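Down below is the structure, laid out as structure tokens.
Every number for a ligand or one of its atoms is a count from 1 in the order of the listing. Everything quoted here is computed from the prediction, not taken from an experiment. Nothing fancy with the numbering, it's 1 onward along the sequence. Because only heavy atoms are used, hydrogens play no part in the values below, and waters and symmetry mates are left out as well, while side chains stay in.
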Amino acid sequence: MTPRAPTEKVSMTTAPQIRKAACPGSFDPVTNGHLDIISRAAHLYDEVVVAVLINKSKSSMFTVAERIEMLTEVTADYGNVRVDAFHGLLVDYCRDNAIPVIVKGLRAVSDFDYELQMAQMNRGIGGVDTLFMPTNPEYSFLASSLVKEIATYGGDVTRLLPESVHKRLRSRLEERNAGQ
Ligand code: PNS
């Protein structure tokens, strides 16, 4: 009998497997760059779970519930995208939800070192693979942190965010300004 390669998965069932992937992140808030990756992942996989990290030690502009609401709104048309939150290790979340693959966008070479390290670690500790997708060049400079900073100082971020998210960002900034 030919031995199986160490990484070969043995299927215990003849039922068709649903191909699932996770798109993890902070999404504070979701940008057009995130949406580009999520929509491309949704074309490649049967089900995509957008997994929002609950990170109590990091201050955020939007609560996890608000981020989930925004993500649910902007992915509603895809049909095979579900939004969820997780805390702790991403590989534990993937194991508990039978998700074998993480999809990540790479904006530039500067993303690569850290993303490669995380991907190798996630493979090493949890056997979860990572698929890297080059970001659409239109969004290669885009980051939620920059969008928030630019908007805080009155810059125009209209083209960088889905319309509903842009509206929420504007009202959050108005609330903050009114509270000062
Ligand atoms: O949008 P972000 O903040 O760049 O996303 C980073 C995220 C959530 C993907 C990453 O921090 C993560 O997976 N955190 C969960 C904790 C974990 O698994 N850490 C070990 C990584 S090797």
Side-chain angles (χ1 to χ4, degrees), residues 7 19-42 44-45 47-75 78 81-152 157 159-162 164-166 168-169 172:
T7 53
R19 294 170 312 136
K20 275 171 133 185
C23 286
S26 303
F27 303 105
D28 185 39
V30 56
T31 66
N32 286 340
H34 293 128
L35 211 49
D36 169 53
I37 299 296
I38 295 167
S39 68
R40 285 158 63 195
L44 294 174
Y45 291 91
E47 186 182 339
V48 171
V49 181
V50 180
V52 181
L53 176 68
I54 302 168
N55 185 352
K56 294 202 172 104
S57 60
K58 197 170 158 187
S59 73
S60 56
M61 180 170 271
F62 295 97
T63 64
V64 170
E66 287 170 330
R67 283 180 259 160
I68 289 178
E69 232 173 78
M70 287 186 270
L71 278 160
T72 306
E73 260 171 44
V74 300
T75 59
Y78 299 151
V81 174
R82 183 162 69 77
V83 185
D84 198 6
F86 77 102
H87 54 80
L89 290 179
L90 178 58
V91 289
D92 288 342
Y93 177 80
C94 289
R95 183 202 56 225
D96 294 347
N97 291 276
I99 300 173
V101 178
I102 297 162
V103 175
K104 282 297 206 67
L106 284 184
R107 290 168 295 195
V109 177
S110 51
D111 279 345
F112 186 73
D113 279 352
Y114 183 53
E115 290 295 344
L116 178 68
Q117 194 181 15
M118 280 206 290
Q120 288 173 329
M121 188 63 93
N122 284 332
R123 171 93 186 131
I125 62 172
V128 181
D129 263 316
T130 300
L131 181 93
F132 291 126
M133 266 188 193
T135 301
N136 182 332
E138 205 183 327
Y139 306 126
S140 61
F141 54 87
L142 189 45
S144 299
S145 52
L146 280 181
V147 168
K148 286 182 284 189
E149 187 173 323
I150 293 164
T152 301
V157 292
R159 287 182 305 112
L160 309 179
L161 300 171
S164 58
V165 176
H166 185 237
R168 287 209 194 212
L169 176 61
R172 180 55 39 93

Donor-acceptor contacts, no H, no angles, side chain residues 137-146, under 3.5 Å, sequence neighbours left out:
residue: Ser140; atom: OG; partner: Pro137; partner atom: O; Å: 3.1
residue: Ser144; atom: OG; partner: Pro29; partner atom: O; Å: 2.8

Exercise. Does the side chain of Ser57 pick up a donor-acceptor pair with the side chain of Asn55 at under 3.5 Å?
Worked result: yes
Seminar exercise, completed: Arg172 meets the side chain to side chain donor-acceptor pair (under 3.5 Å) criterion, sequence neighbours left out, with Glu66, Glu175
Problem set entry | Which residues share a side chain to side chain donor-acceptor pair (under 3.5 Å) with Tyr45, sequence neighbours left out | none
Problem set entry | Glu115/Arg107 salt bridge by N-O under 4.0 Å criterion | no
Exercise. If you draw a 6.0 Å radius around CE in Met121, do more than 12 non-hydrogen atoms from other residues or ligands fall strictly inside?
Worked result: no
Could you check ligand 1 for N or O atoms lying under 3.5 Å from protein N or O atoms and list the pairs with distances?
residue: ligand 1; atom: 1 (O); partner: Ser26; partner atom: N; Å: 3.0
residue: ligand 1; atom: 3 (O); partner: Ser26; partner atom: OG; Å: 2.6
residue: ligand 1; atom: 18 (O); partner: Leu90; partner atom: N; Å: 2.9

